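One structure is given here, and the rest of the page talks about it.
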Amino acid sequence: MMHAVVDSLAMIGVSYVMGFLFYGFYRQLNARIQRRWGPSIWQNFFDNMKFFFKSETLSHGPMFFFGPMIIMAGAFTTVLFVPFLKDSTWLQGFSQYGNLILIIYLLVVGPLGNALAVGSSGNPFGVMGVTRGLTRLMGLEVPFFLGLALVMLQHETSSVHAIMAAQDGLANWGIVTNPVAFVVILLPFIAAQNASPFDVVGAPVEVYAGPRVEFGGRLLGVLMTQNMMMSIAKLVLVVDLFLGGASNVLVLIAKAFSLFLLTTAISMVFPRLKTEQAVDFFWKVPLGIGVLAVILTVWLPSWSA
Amino acid sequence: MYHKTQCEGFQCEQAMLEVPGDAETVREGVLDKLIAWMRQRSLFVLAYGTGCGAIEMRPLMTSRFDAERFGIIGAATPRQADVLVISGYLALKTLRRVIRSYEQMQEPKYVIGLGSCTINGGMYWDSYNTVKQVDRYIPIDIYVNGCMPRPEALIEGFVALQQRIKQGGKAGYHQYRENIDWYKANQRKALGEEMPPAYTYDWYHAGGVA
Amino acid sequence: MSAMLRLLFFVVSLSPTLLLVTWDGSLSWALIDGIRLHLTLTPLAGFFLTLLALAAPLVALPMLRRPCDWPSLVLYVLLLLGMQLLLLAGDFVSFFVGWEVMTWSSYLLLLRSSRADMETSQSFILFNLASAFLLLAGILVFFSLTGDFAIRSLAEPSLPQALTLLALFGLAFLIKVGTLPLHIWIPSSYDQAPDAFSAFLSGSVSKMGVYGLILLPTLFPDALASFAGRFLNGPAFGYLLAWVGVITSVVATFKAISQEDMKRLLAYSSIAQVGYITTAVGVGSSLAIAGALYLALVHTLVKVLLFISVAGIVLQTGQRQFKDLGRLIERMPISFFGVLIGIIGLAGMPPLPGFAAKYLVFVSLVDARWLLLLAAMILASTAAFIYCYKLIYAPFLGHANSPGAKEAREAPWPYLVPQVILMGLLVLFGLFPGLAIDVLIDPVLVGLQMAPIGAESWAKLTTVYGGYDGVVLMLVFGIAFVLVTGLFLLLRGRMRRAGSPYDLSFAGEVPTADTPLHYGAGMGRELRRIPLVGWILRQGTRGFYLGLAGQMRAAAALLGNLYVGRPQAWILIAVVVLAASLAARAMMGGL
Amino acid sequence: MTLPLTPVWFVALPLLLAFASPLWVRYRLLMPLLVGTPALLLLLAFVLLPEVRTGPLLETIVIAPPLGIHLQLDSASWILVALISLAGLLATAFIWLSDAEPYLRDRRAFVFLLLLIAGCNGMVLTGDLFNLYVFLEIAGVSAYALSALRRDASALEAGLKYLIIGSVAAVFFLFSVVLIYLQTGQLNMAAVAARFGGIPAPMQLLIGLLMLVGLGIKAELFPFNFWVPDVYQGSHPVLAGLFSGLLVKAFLFVLFHLVFLLLADPQVAGLWLMGLGATTMLIAEVVALRQEDMRRMLAYSSLGQIGLITLALGFGMQATTAGGLFHMVNHTLVKLLLFLTAAVLLRSFVSARLADLAGAGRARPLAAALFVLGALAVMGLPPLSGFASKLWILKGFAEAGVFWPVALILLAALIEAGYYFRWIKVLYDPNGDLKAAAPVERMAYVPMGVAAGLIILLGVAPFLVDDLFIEGAQTLLDRGAALSAVLGAGS
């Protein structure tokens, strides 16, 4: 019991710290690419704390207040159901009670809860943003889930633990044994992180910050926090599935960071897509690769056998 | 660097309304200092292009002057913003929007008046349609004068604002809250029929506890 | 008198429950010429009887509200009796009798609505009767093979026989569940049926088609696999069915998103959900059948809940279009929670049992290695989030858009009680995903001679592909929620309630009641710009069926010209026919 | 003194009562006797039932050999006789109880109705071809007169048309009887049947075709049934119900009685008749889709059902034949119910057109409900009697492994649903705002209720009567037994 509590707090702490540091790094890197100095690596932490200590917060009613609470609880739950380490009793959370499909769905629970809050604020721009988000989700989930299904099929389980355990040694990493699946999920993964070029959902100049338009003060702080934690959960999940997991925190950070670097490098150089362009893209390119992958790795072997 | 130390001209009218800053001692614990430090490190600016000064905001935010290294970045909606930059002259039409945006920002919030127009109407001093003294309508924390001031001056203004935040004490939004009747009377005089509906500000009287 | 009749009606609506509790052994009733109706209760039928027992009294409650429509009540009782007969059927004749009684009584119930128009009612009854007659044809073919009407597996049908049977039965059941080209009767009839009865149509009546679909493979256990072979790790024939189901779900989901009427949206969503069930039946493995049954359970609970909530909204506001509603959350909070729980179940979100059902189906698809189907199904179930959001946003959130919505009050208790019960059931099954497996589904699987799923505890859903623990999930989420809220409230600072619903961040403007702020009607419209979705939304089968009806009428006109009103023509024809027959005979050399 | 209970009464009683009608007018007994006669006949039929089930009752009244009146009451004709009496009872009861139009309640109507019943009974019972012709004419003439009773343009037109086509049919039939007599020298059916095989094949064909055309016109088979809608529409709905429920059934029975009796191998003729039946059924159902007048619609529906019965009887298997006979009974009940409903609606709303009946279900809920019941039964939806008989027929086809009739019957039922449910929808149209023009006697619903009750009873518990139909079918199909019964007794 005590172990579970401490472990959970540790996971939440780790994901939060990793979250703001990674995002701080992202802003730094972005600045350097644009030939400026950029903010300090702690900037996200400052922003977040500033919002948490705003002295005034506007609410549009109970549902508006509970939305961010739901999304935050969803982020905690997601983090706690993703195993951070393998072969360790620490940073496991409640992951043995869950599985890959559950995690994929948990990733969506919070945002949908928040969508209710956005709706109850009555701001049409917020709802417009939510619709765009859901549309993008519809686009990205298909190839994303197809890639994960390829992994599930490869290991014949939906348990993240089992998939991690099967990848001992560099040669058995998912990215080596099942590279197509990694390619299939990579771009949808970037979209799932709400990163450029798929970040039209909250685009400030297009939909007036989208879903967050009415959130300010401490509620916005909550939203920022959960965003950082959720990103880390997704990163760790992909690390678990394709990069063989990690046996200690340092390795975890290293692997997650390298993956983050890869996605950042991609998202830095592409301009923003419109929602329908993004969806169409997902259904053509990553899904096309996915279909090819299914034909190559599932159909052909069964026919030749 | 110009700091407002004593009132001149019309500003004296406001100074008479002000309670001396140290009459009410603000509780300053370690946490408050820490919070104040975080606040000044992270200023979200409502990029509201009211006048020609808005053109100076772009170089400020982009690579040449890179305001982000001070933690200053743009915010899309007033709900998320900490600083409202009134970038130049205000017409009566825009004044209403500025007031509305200012009231929608969540405390602590600050206003920077950019350019001479915000101080005394600047080159529009005799226009029938331009607001001459912006701080009759909303409280201005920092003026950056010039026509137009260069981004360096603007950065200086921001840094000055950061320093004031770090020091703590009363800011413009306290003043607005305390003298709301005076501000509203001025606004009503200027806007007349166009005054925003009462629900947008009557919570200032009610103490604003939800 | 009236009160007694109401009570009697309610007791009759409990009859599936009573039947479930008291039924033992079997019953038989002679019909004609040696045809006997045998009534027994198989585990599979027992499962669907449980669903009926859940839905029947809950739908009966709102129907009892004064002033109640007595013919509707009588028809509802008939419908219930028909469905019970259908489920108890041990032979095809009683199955058919139950099926038909269900069909016509539900049609007559549909007519009780003041909104039912000719096209809807005709399409409803014609499609359902076509289904019934196909079923009857199948039954007769089956009879000619076995020599009696008992429902049992066929020993060794030849390929054409099996194909004929499969086509007849399959079409009959697919019309009933409403898979793709055969779905046209569903949306308008669910929309136009009396509001409470729509819940029953979607929640229970459509399940009878599912019952048939699951029953169908048991008729020829080996034949299916043997003649079509296997595709990857599942039956090849099922692959076809599964695609039919998935395409149905995808198309119906997009159609649902584009609807502007609450009940039509729910109708399309119903088609989509049943499409998932069809897919699962197509996979046919033990996991998949468990998933199909689970989906059927969840769909019954959710659709009854949602339709009753919507019926309450329509009752209180008089509006059913998304554009006319809004901000009912403050006026109808219990209905809001009803719809909220309903859409969480509908979307298959984790804490509620919808997820458990979808999990089983997904895993069974992975197990069968049918990944493309899985991808298409994911498309449908994520696109479903959009209409789920539309369903809760447009009536309950945003801004009230009509006088009815501005002045509505909470729905009366006959609408609320079923909602509360159903919410409770959904949460219960969500907490204990193994409960439904252990109590409801495993007996059916054993009855179908399949491997049971098994549940180590009621809180856990376990499959060979891993599982999850509903109680832990709910606890973690709940504790996190309480913790987050508590911590948040501990932070310093004021919470301020917006002074008005129009106190919005609106580009410095102050919106008024005239400003078009409600996004309910247009939501999802922009999806048309996605090429695939736009293409799907432009297609429709209505034109085809209208054309068919038009051709039929043209043929009727043409043939009607034969029936002229001139006696000389009649005599002429008689003589000519006589002469022609004789001449023909003479030409053939007979004379 | 006890009156001998013999089949003669089925013909004699209505004839006697009809001719003594002035007496009844004087004593105001017209209506009670009109209803009482079929009731008595029905009672008589049930009294005779146990005897009939042991063997056929034969009754010969010799006039001058070979002329004579042969009456034969066997299990098959018993069904028809009982049906005719029942249908007569229901229709006349409706006329009495509903306080129907005066022209249906006066002496002429009384005479013609009883003559119609006598003629039909005679046709069904007779074992003699010439008597058959006579009864056919009696029934026919009374039917023409009945349809023209109303004395307005449409009724007179209907009567005239009926008269013309009916006479032509009678001529065709008479030709065939004459030819048979010339060829065999016999008019007794059994005797003719024994020698029919000896007639040269072309002559057989000619006789068969003449008979087919003659009886086909009367029995409303496809290329000969164009007169039906006009006559049914022009006549009072009760009379149309009687024609459809009673007269046509008698003709149809005669047709098949002759086919099964005369032909040693009814296969060929059976196939022809099945073809005719199927065509009749499909064409009538399709045409009915566009009918805007309830009486016309019911007429086409009636044709469709006749086609179905022909299809079933023509197959000549025991199960289909029994089912066909059962369907005759059901169809009579149902059509009578529907036509009586039409009568009620016509009376209430003056018009029987689709457009004028929108929303009639609220003004006349009971009538509309009975219409729905009848419509469901006629489409063969369980648990009503139409289902039991249709299932029986279909089962017979399935047992024999012949599936094209099954497909056609189901297709026809679907088309039938297309128009019946259109009518039902219109009757319950929520937007129609109808006010009843004339009141309807409550008692008028009694005969309709009885018919509806029978429909439900026969649908839920058809096993009560299925023995009768099996025996009837056996009698109808067993040519050898029929011949030996008559000839053996006669020789």
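Bear in mind the structure is a predicted one, so any value in this text is a computation, not a measurement. Heavy-atom basis, side chains included; hydrogens, waters and symmetry copies ignored. Throughout, a chain's letter reflects where its sequence line sits, starting with A, and its residues are numbered from 1.
- Neither the backbone nor the side chain of Leu373(C) comes within less than 4.5 Å of any heavy atom of chain A.
- Side chains of Tyr359(C) and Ser158(A): a donor-acceptor N/O pair is present below 3.5 angstrom, by distance only.
- Taken to the nearest 0.5 Å, the NZ atom of Lys54(A) stands 14.5 Å off from the CG atom of Leu491(C).
- Neither the backbone nor the side chain of Ser8(A) comes within contact range of chain C, judged by heavy atoms closer than 4.5 Å.
- Leu80(A) touches chain C through its side chain: at least one heavy atom from C-beta onward sits under 4.5 Å away, while N, CA, C and O do not.
- A perpendicular orientation is assigned to the rings of Tyr105(A) and Phe385(C), their planes being inclined by more than 60° (bins at 30° and 60°).
- With a threshold of 4.5 angstrom between heavy atoms, Lys358(C) approaches chain A through side-chain atoms but not through N, CA, C or O.
- Both the backbone and the side chain of Leu379(C) come within contact range of chain A, each with at least one heavy atom under 4.5 Å from a heavy atom of that chain.
- Chain A forms more heavy-atom pairs under 4.5 Å with one residue of Ile378(C), Leu527(C), Leu340(C) than with any other, namely Ile378(C).
- Considering only heavy atoms from C-beta on, Phe396(C) stays 4.5 Å or farther from Met63(A) through its side chain.
- Residue contact with chain A, scored on non-hydrogen atoms closer than 4.5 Å, is absent for Ala384(C).
- Interface remark: Leu102(A) contributes backbone and side-chain atoms alike to the contact with chain C (heavy atom separation under 4.5 Å).
- Looking only at side-chain heavy atoms (C-beta outward), Ile70(A) and Phe477(C) come within less than 4.5 Å of each other.
- Annotation: maximal heavy-atom pairing with chain C below 4.5 Å, among Thr78(A), Leu137(A), Val130(A), occurs at Val130(A).
- Only the side chain of Tyr519(C) comes within less than 4.5 Å of a heavy atom in chain A; its backbone stays farther off.
- Ile295(A) does not touch chain C: none of its heavy atoms, backbone or side chain, sits under 4.5 Å away.
- With respect to Val279(A), the side chain to side chain contact (heavy atoms under 4.5 Å, CB included) criterion is satisfied by exactly one of Ile530(C), Leu532(C), Val533(C): Ile530(C).
- Atom CZ of Phe488(C) sits about 4.5 Å away from atom CE of Met69(A), to the nearest 0.5 Å.
- Aromatic ring centres of Phe481(C) and Phe76(A) lie farther apart than the 6.0 Å criterion allows.
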- Show your working on side-chain contact (heavy atoms from CB on, under 4.5 Å) between Glu526(C) and Thr275(A) and close with a plain yes or no. CA-CA 9 Å; Glu526(C) 66 273 15; Thr275(A) 324; over 6 Å; no
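- Using a 4.5 Å heavy-atom threshold, the side chains of Phe94(A) and Leu473(C) count as separate.
- Contacts between Phe65(A) and chain C at a heavy-atom distance below 4.5 Å involve the side chain alone, from C-beta outward.
- Proximity to chain C is limited to the side chain of Trp283(A), based on heavy atoms less than 4.5 angstrom apart.
- Contacts of Phe506(C) with chain A are made by both backbone and side-chain atoms, with heavy-atom separations under 4.5 Å.
- If you measure heavy-atom distances from Phe144(A) to chain C, you find no contacts under 4.5 Å at all.
- Between Phe81(A) and Val476(C) the shortest side-chain heavy-atom distance falls below 4.5 Å.
- Counting heavy atoms from C-beta outward, Phe145(A) and Phe362(C) have side chains that approach closer than 4.5 Å.
- Heavy-atom distances place both the backbone and the side chain of Glu156(A) under 4.5 Å from chain C.
- Heavy atoms closer than 4.5 Å to chain C are found nowhere in Leu100(A), neither backbone nor side chain.
- Using a 4.5 Å cut-off between heavy atoms, Val294(A) touches chain C through its side chain atoms alone.
- Neither the backbone nor the side chain of Ile12(A) comes within contact range of chain C, judged by heavy atoms closer than 4.5 Å.
- Chain C forms more heavy-atom pairs under 4.5 Å with one residue of Met72(A), His60(A), Lys274(A) than with any other, namely His60(A).
- If you take CG on Leu140(A) and OG1 on Thr382(C), they are separated by 8.0 Å, rounding to the nearest 0.5 Å.
- Checked by atom type and distance alone, the side chain of Asn123(A) pairs as donor or acceptor with a backbone atom of Ser505(C) at under 3.5 Å.
- Of all heavy-atom pairs spanning Ser121(A) and Leu504(C), the tightest one is O-CD2, 3.2 Å.
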